[in-house]
Student: 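Shown below is the structure under consideration.
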Amino acid sequence: MTTIFAAMEQQQSVRVRFAPSPTGGLHLGGVRTVLFNYLFAKKNGGQFILRIEDTDQTRFVEGAEQYIYDCLTWCGLQPDESPLQGGSYGPYRQSERKAIYKTYADKLIQAGKAYYAFDTPEDLEQMRETLKATGSASLQYDHHIRMKMKNSLTLSADETNEHIQKGTPYVIRLRVEPGQILVLDDMVRGRVEMDTTFTDDKVLMKADGMPTYHLAVVVDDYLMKITHAFRGEEWLPSAPVHVLLWQHLFGTDAMPQWAHLPLILKPDGHGKLSKRDGDRLGFPVYAMNWKDPVTGDMTQGFRETGFLPEAFNNMLAMLGWNDGSGQEIFSMEELIQHFSMERVHKAGAKFDYEKAKWFNHQWIQKTNVNEYSKIVAEYFNKEGMTVENNTSFCEILDLVKERCHVLTDFIEHAGYFYQDPATPDIDAIRPKWGADKKQYFETLVTHFQNASNWSAEVLEQDAKHLATEQSVKFGEIQLMLRVMLVGKKAGIGVFQIAEIIGKDATCRRILHTMNQL
Ligand code: GLU
């Protein structure tokens, strides 16, 4: 018998879901949840579903849903079913499923597992005041207090109907009986026991007729045949409510296997990484730039900071998982191949921005520059440097990519090929500057202007020869020339720079700097 069941279970195709509430920017923890969903689905030949959990209309944010699609597209983590693509289990936007939830709430009421509650906001405030005054440890609406409140448990059936008929606003609450020990077999945390004594009578349907997350998540996971549900660890305290709803509505055998993923922690390890930490410490926390439609505030994203999606995914995968071999760089194909839930850690993972940049640096080297040159060209054009995304631009990117940790670094490390330095660091030249150097550079410019072979090698030989002739130190000359061409003591081989920027720019930059000395 067991073997038949096991075989049947194996045949049941894996279906996972990412279920964001579209209320703002997508935190990197959210993208990691998407990634684990995606990897698990791909690894098991299953389906990855995107469900938009937008039942809280008070939290509606213009543009937030589109932003989620854009983030998933940028990361290359495309769902198999979603509000945009549709699928056999739609609609995939909860606000379009309102009627479905109502039928399940009604079922719970009929079974005595839920009840109508007519308490006004003032009643609830009064309840909390009373509980506080009596020194109660909990201020929740639960089995201690429900029989003192205005609900269908304390009112007669006629009174309840009357209220409903005349349109008194009501919510539907789950009736949680104390003393039941619920067990969850979590893929990350193992066996988790939860005592319902501490669980409140959660609202399942709100006064506006919309379900809360608690009812909607259970109904939808059931109807959408979700087999494994990954979500952040912050949802663990709500798990008893969900297990009870599964018990009452569908039976816990049908329940997906839960995985509560560890938190992503602040760099110092104290508490969950928040958007504010990013603002404070100067790094992105959201996947992409997010502009708050109300305040107009812009929060910087990894994409716009210059991360490659491959690096972002790789870095996220390693926040809470590794394959045990010490390997750190994984392509998406490798991640799919190596990923396993058994190796997801229980403990929170500290976010380290320097490490994130290390991943990106690795991917900038690994990736053919043609794949990101278009983005870099856009950065250049935004900075007022006119560049074309062509072969010579790619060659330049190749020459300097070793120095770049984020794509925006190319502006610093390749910008001097396209723009004369506005203010060369003449302080770096001055200590060794004098009549001898002035004479040297004047002659050098003449030589350069007359040069018929403009190649790094020939230019270097000429400059070296001239230095010997005029008895000036070639090392000092090289440094000065570098500051003249680049603006500071940085950059690739200085004669290579001269070759690339050409005769006119080289001579112009030398003369321009000399004028300031
Ligand atoms: N809507 C919930 C959120 O935005 C989803 C939690 C879950 O995946 O069950 O966090």
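Just follow the structure's listing: the first ligand is 1, and inside any ligand the first atom is 1. Only a predicted model underlies this, so the values are computations on that prediction, with no experimental measurement involved.
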Student: Decide if the gap between the ring center of Phe312 and the ring center of Trp74 is smaller than 6.0 angstrom.
Tutor: yes
Student: Would you please name every residue forming a side chain to side chain contact (heavy atoms under 4.5 Å, CB included) with Ala259, sequence neighbours left out?
Tutor: Met187, Val188, Phe230, Met341
Student: When you look at Glu233 and Arg189, which way does the salt bridge (charged side-chain N to carboxylate O under 4.0 Å, His left out) test go after all the steps?
Tutor: CA-CA 10 Å; Glu233 187 184 88; Arg189 318 185 70 84; 2.8 Å; yes
Student: Is a salt bridge present between Asp80 and Arg15, judged by a nitrogen-to-oxygen distance below 4.0 Å?
Tutor: no
Student: Identify, with sequence neighbours excluded, every residue that meets side chain to side chain contact (heavy atoms under 4.5 Å, CB included) alongside Thr295.
Tutor: Asp292, Asp297
Student: Please tabulate, one line per pair, the protein N or O atoms found under 3.5 Å from any N or O atom of ligand 1, giving the distance to one decimal.
Tutor:
residue	atom	partner	partner atom	Å
ligand 1	1 (N)	Ala19	O	2.8
ligand 1	1 (N)	Ser21	OG	3.1
ligand 1	1 (N)	Glu53	OE1	2.6
ligand 1	4 (O)	Ser21	N	3.2
ligand 1	4 (O)	Ser21	OG	3.3
ligand 1	8 (O)	Arg17	NH1	2.8
ligand 1	9 (O)	Arg17	NH2	2.9
ligand 1	9 (O)	Tyr213	OH	2.4
ligand 1	10 (O)	Trp235	NE1	3.2

Student: What pairs with Glu96 under side chain to side chain donor-acceptor pair (under 3.5 Å), at least two apart in sequence or on another chain?
Tutor: Arg93
